[in-house]
Protein chains: 2
Amino acid sequence: MPSAADPPNDRKRIQAVQTTLDIIDTLRERGIAGVTEIATEIGVSKGTVYNHLVTLEENDYVVKDEDDRYHLGLRFIDVSHQATSRVPILELAKTEVDKLAEKSDEMALFTVEEHGMGVCLYVAYGDQAVQTPLYVGHRSELHHTAVGKAILAHLPRERVEAIIDQRGLTKQTEHTITDRETLFEQLEEVRKRGLAFNEQETIHGLVGVGAPIKDQDGSVLGALSIIGPSSRLDEERFQRELPDMIMRSVNIIEINSTSL
Amino acid sequence: MPSAADPPNDRKRIQAVQTTLDIIDTLRERGIAGVTEIATEIGVSKGTVYNHLVTLEENDYVVKDEDDRYHLGLRFIDVSHQATSRVPILELAKTEVDKLAEKSDEMALFTVEEHGMGVCLYVAYGDQAVQTPLYVGHRSELHHTAVGKAILAHLPRERVEAIIDQRGLTKQTEHTITDRETLFEQLEEVRKRGLAFNEQETIHGLVGVGAPIKDQDGSVLGALSIIGPSSRLDEERFQRELPDMIMRSVNIIEINSTSL
DNA sequence: GAACGCTGTTTAGCACACCTGAACACTTAA
DNA sequence: TTAAGTGTTCAGGTGTGCTAAACAGCGTTC
């Protein structure tokens, strides 16, 4: 009997695999790390970490440098290529995001949903674009971004409830929506307008506009957005100009993807 | 005592992790697969595969679709982002590869070595470029490509020996070098000329030119190459024009990277 | 429509694989 | 030299991740 004291969630299925994934996650956060460092981080013995790292290295998933420190291997790129190929509209979205970034001079991105998280699949920077800690592959919660709310607004309510239950409504800034009902009310507006806004809900001083891309059945395939500093985006630009540009791009993608 | 009958290589360290990595590899090859399919592929029981998949899914590394079939998750992109950031000259190489592709009208690429394999980190297509099954993240053996030989030529001999021992000299076409001594002779020429050629050694009808990028210590950071159909690349182009273009790009990268 | 054949899922139970803790070899610093 | 680090190895027992079989749901087929 496991002392009936496991944390609220289900027991993890395969402990050894969980340990390996924890090691990978530690390496992802730190970039480079040694055996002892990882062992204390994830709370297992040094010997265990060592054996896992050897197994991962034999499979080219990690690389050991000359100082016996470990980092992630390039094999992950190979694997992620296959993962990416499951998103058929990606190529269309890329050309549109490039156009949006160029025309707006701001930062533009294409994001899809997976497991209740937003995953950024493409970014383009306009001439005046802000620098944010955003990269292809970046995962973020859905409730505090423009793309996120654009996507949530077009998922079945039960699905949204499940996502909130799993991921919560963590507060990023004082403008982040942390109340369930407030969120659902705003999602209703997003649905009416076909547009979602992020008004400093993720990072202070940063705003964004986003719109969902849907297939012929009405289910969301992803979302486009433009992000910029609140100082530069006055009412006219933020409420008219940029939304119009996004909607035009969304249209192009939707038309071209149905013809596939 | 393990019956002294393990295959020639070392026993695998952690079996459970190895199983999970085999599952990931199966999904990478097939794109999408069911529990039974994977189980027969890698030779373990259905229950085992199921438990592994649940663990992987809880960590967002795989996704289950509505038909109970599994595919790789986008989380791999996040991980590979960190893996990629370890290659500092990548951004420089990208702009040069773009230039090469545009000027040559052929396909150009940037490749680095890891664990004795070549990993393609960037591709660009010129207007006339051939379509090859090549993508960012693609791994290939070093002995039958232009980039591969360019890199091998500038590694210590013992390192090259070790790589051959591990990966072998598999025959891709009738032109592939499969003899150890012949390879070392050609690497000597590559070193003299600063250029490597692939004359239909990977795919019949496909040729390539490549050159290594080195740091101030003389160790290789990667390689650039141009690939095209043998029909289009006559002597003049293949032996002078393209090599000159590549060498110029290599120079630019080397100069700009030392200033970092 | 019931029996089949195919899924993915669940369960029982046991061998053994994976963890831990400590010892080891080695480098760097004091 | 000593000490405090590191990564690596090892013995050993516990608990875990295997296997095999049964279960539950689908479609298809006869």
Side-chain angles (χ1 to χ4, degrees), chain A residues 1-7 9-27 30-59 61-73 115, chain B residues 1-7 9-27 30-59 61-73 115:
Chain A
M1 262 137 275
S3 77
D6 293 87
N9 62 6
D10 290 335
R11 56 171 178 162
K12 293 296 162 48
R13 296 301 177 114
I14 297 188
Q15 199 180 80
V17 173
Q18 190 59 50
T19 302
T20 268
L21 297 181
D22 290 345
I23 290 172
I24 290 170
D25 211 48
T26 304
L27 287 175
R30 311 213 168 187
I32 193 165
V35 172
T36 311
E37 185 179 355
I38 298 171
T40 55
E41 166 83 22
I42 65 174
V44 295
S45 75
K46 285 198 299 175
T48 300
V49 171
Y50 177 74
N51 279 325
H52 279 263
L53 285 171
V54 170
T55 309
L56 287 170
E57 200 197 6
E58 278 173 357
N59 288 271
Y61 282 96
V62 306
V63 177
K64 176 162 67 165
D65 68 13
E66 56 275 12
D67 294 329
D68 290 331
R69 312 196 68 195
Y70 293 84
H71 58 252
L72 296 169
H115 273 134
Chain B
M1 265 136 270
S3 77
D6 295 86
N9 62 7
D10 290 336
R11 59 176 174 156
K12 294 296 161 47
R13 296 302 177 112
I14 298 189
Q15 198 180 80
V17 172
Q18 190 59 50
T19 302
T20 268
L21 297 181
D22 289 345
I23 291 172
I24 290 171
D25 211 48
T26 304
L27 288 174
R30 312 213 169 189
I32 192 166
V35 172
T36 311
E37 186 179 353
I38 297 171
T40 56
E41 166 83 21
I42 67 174
V44 295
S45 76
K46 284 198 298 176
T48 299
V49 172
Y50 177 73
N51 278 326
H52 279 264
L53 285 171
V54 170
T55 309
L56 288 170
E57 200 196 6
E58 279 173 357
N59 288 270
Y61 282 97
V62 306
V63 177
K64 175 161 69 166
D65 68 14
E66 56 276 11
D67 294 329
D68 289 332
R69 312 196 69 197
Y70 292 84
H71 57 253
L72 296 170
H115 273 134

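Convention: sequence-line order gives letters A, B, ...; per-chain numbering from 1.
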Results of side-chain hydrogen bond (donor to acceptor under 3.5 Å, both in side chains) for [X] - residues two or more places apart only:
X	result
T48(A)	S45(A)
E57(A)	none
T19(B)	none

Which residue pairs pass the salt bridge (charged side-chain N to carboxylate O under 4.0 Å, His left out) test when at least one of the two sits in residues 14-27 of chain B, sequence neighbours left out?
->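 Checked against salt bridge (charged side-chain N to carboxylate O under 4.0 Å, His left out) - neighbours excluded - the pairs reaching residues 14-27 of chain B are R75(A)-D25(B), D25(B)-R28(B).
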Output all residues satisfying side chain to side chain contact (heavy atoms under 4.5 Å, CB included) with D68(B), sequence neighbours left out; order by chain, then residue number.
->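 Applying side chain to side chain contact (heavy atoms under 4.5 Å, CB included) to D68(B) gives K64(B).
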Can you name the ring-ring contact (aromatic ring centres under 6.0 Å, His included) partners of Y70(A), sequence neighbours left out?
->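 Y70(A) satisfies ring-ring contact (aromatic ring centres under 6.0 Å, His included) with no residue once adjacent residues are dropped.
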Residue that, paired with L27(A), satisfies side chain to side chain contact (heavy atoms under 4.5 Å, CB included) out of I38(A), I32(A), L56(A) =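 Going through the options one by one, the only one that passes is I38(A).
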State the dot-bracket string of DNA chain D. Criteria: Watson-Crick or G-U wobble, both atom distances under 3.5 angstrom; notation: ( ) intrastrand, [ ] crossing earlier pairs, | interstrand, . unpaired.
-> ||||||||||||||||||||||||||||||
Of residues 41-51 of chain A, the positions that come close to DNA chain D - non-hydrogen atoms, cut-off under 4.0 Å |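 K46(A), G47(A), Y50(A), in order of number.
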For R69(A), which residues count as a salt bridge (Lys or Arg N to Asp or Glu O under 4.0 Å) partner, sequence neighbours excluded?
->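 In terms of salt bridge (Lys or Arg N to Asp or Glu O under 4.0 Å), with neighbours along the sequence ignored, R69(A) is linked to E37(A).
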Starting at atom CG of D68(B), determine the distance to atom C1' of dT10(C), rounded to an integer number of angstrom.
->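 Whole-Å distance recorded here is 14 Å.
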So, is T36(A) near the phosphate of dG5(D), with a side-chain N or O under 4.0 Å from OP1 or OP2?
->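 Result: no.
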Look at H52(A) and dC18(C) and indicate whether a side-chain polar atom (N or O) is within less than 4.0 Å of OP1 or OP2.
->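 Checking dC18(C) against H52(A), no side-chain N or O comes under 4.0 Å of OP1 or OP2.
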Could you state the interatomic distance from CG (L72(B)) to CD1 (I24(B)), rounded to the nearest 0.5 Å?
->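 Result: 7.0 Å between the selected atoms.
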Under 3.5 Å between N/O atoms: give me all the protein pairs with nucleotides 28-30 of chain C, atom names plus distance.
none

